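For reference, the structure is listed below as structure tokens.
Chain letters run A, B, ... following the sequence lines, proteins first, then strands; residues in each count from 1. Nothing here was measured: the structure is a model prediction, and the numbers come from that model.
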Amino acid sequence: DGGITQSPKYLFRKEGQNVTLSCEQNLNHDAMYWYRQDPGQGLRLIYYSQIVNDFQKGDIAEGYSVSREKKESFPLTVTSAQKNPTAFYLCASSIKGPKVRGGELFFGEGSRLTVL
Amino acid sequence: AQKITQTQPGMFVQEKEAVTLDCTYDTSDQSYGLFWYKQPSSGEMIFLIYQGSYDEQNATEGRYSLNFQKARKSANLVISASQLGDSAMYFCAMSYITQGGSEKLVFGKGTKLTVNP
């Protein structure tokens with residue numbers, strides 16, 4: 001079945017450590033996104049990529065980094081520079097552009113990162 | 001700047017009744033899309049319904065309908081015949097095209113719906 005796979009689902013790290021969250025999709029979508037969700041808040045865009053080897057900063061990119069070496073994969077690294085990394089992270093993908101069903105986003109199941 | 005406002009942090013509804021979740025948006029663009037997503041306690045985001053800014057008819061998907069009032073910039077979600085499984089967070093979102101030609105989606109803060117038996 002086609003979809004988006006995020007791993008790990010739960011992750012614990014010590015303060016000051018970098019951590020990488022995996023996101024893989026087999027939907028053949030061009031665009032991929034990373035969102036952060038805090039309790040009682042909506043989703044905030046961290047980074048997005050419309051095409052392989054290209055990505056743009058979202059609204060809260062500081063302390064995060066990404067790569068897009070393959071169409072299927074868009075890993076997110078939470079670096080030690082991120083001051084408050086404990087959050088729920090959601091990866092999403094969409095067919096490029098808003099022309100098909102409005103370019104709806106398909107989401108993974110999320111990764112919950114807790115920094116101790 | 002594009003913005004979504006959901007003014008109801010929480011809503012309660014009796015099973016089998018209808019409920020309306022409010023959403024207002026702010027944009028100066030003429031072309032945009034409006035979405036509703038459902039987030040159960042498990043965390044995944046489930047797409048419910050979409051309305052394009054040029055669509056003249058309100059979108060419907062099964063028990064979900066979107067009450068689109070363009071002049072008021074509102075895009076309320078109506079759930080008919082509520083079920084216990086409808087209990088979840090509901091997010092309104094708007095897609096728009098940036099100056100660089102990328103598509104972005106901005107989300108509201110959500111409404112927590114509780115369906116009572």
(message) In this structure, would B/Phe35 and B/Val78 fall into the same cluster of hydrophobic residues linked by side-chain contacts under 4.5 Å?
(response) no
(message) Count I, L, V, M, F, W, Y as connected when their side-chain heavy atoms are under 4.5 Å apart, and connections chain through other members. Are B/Leu21 and B/Ile4 then in the same cluster?
(response) yes
(message) Using a 6.0 Å cut-off, check whether atom NZ of B/Lys16 has over 12 heavy atoms from anything other than its own residue.
(response) no
(request) May I ask you to name which of B/Lys104, B/Met89, B/Gln51 has the most heavy-atom pairs under 4.5 Å with chain A? (result) B/Lys104
(request) Let me know if A/Leu90 has heavy atoms under 4.5 Å from chain B in its side chain, its backbone, both or neither. (result) side chain
(request) For residues A/Glu109 and B/Glu44, report the shortest heavy-atom separation together with the two atoms involved. (result) CA-CB, 4.2 Å
(message) Side-chain heavy atoms nearer than 4.5 Å, only ILVMFWY residues, links allowed to pass through others: does that put B/Met45 and A/Leu45 together?
(response) yes
(request) Sort A/Gln6 into side chain, backbone, both or neither according to what part of it lies under 4.5 angstrom from a heavy atom of chain B. (result) neither
(request) Find out if a path of hydrophobic residues (ILVMFWY) with successive side-chain heavy-atom gaps under 4.5 Å connects B/Leu77 to B/Val13. (result) yes
(request) Rounded to the nearest 0.5 Å, what's the gap from OH on A/Tyr35 to CG on B/Leu105? Could you check? (result) 4.5 Å
(request) Supply the atom-to-atom distance B/Phe107 CZ to A/Leu105 CG, rounded to the nearest 0.5 angstrom. (result) 5.5 Å
(request) Heavy atoms only: give me the nearest A/Gln41-B/Phe91 pair and the separation to one decimal. (result) O-CE2, 3.8 Å
(request) Tell me whether A/Ile60 is reachable from A/Phe88 by hopping between hydrophobic residues (I, L, V, M, F, W, Y) whose side-chain heavy atoms are closer than 4.5 Å. (result) no
(message) Measuring only between side-chain heavy atoms, which start at C-beta, is A/Phe107 closer than 4.5 Å to B/Tyr37?
(response) yes
(request) Would you mind checking which part of B/Gln39 comes under 4.5 Å of any heavy atom in chain A, side chain (CB onward), backbone (N, CA, C, O), both or neither? (result) side chain
(request) Determine whether more than 12 heavy atoms belonging to other residues, nucleotides or ligands lie under 6.0 Å from atom NZ of B/Lys112. (result) no
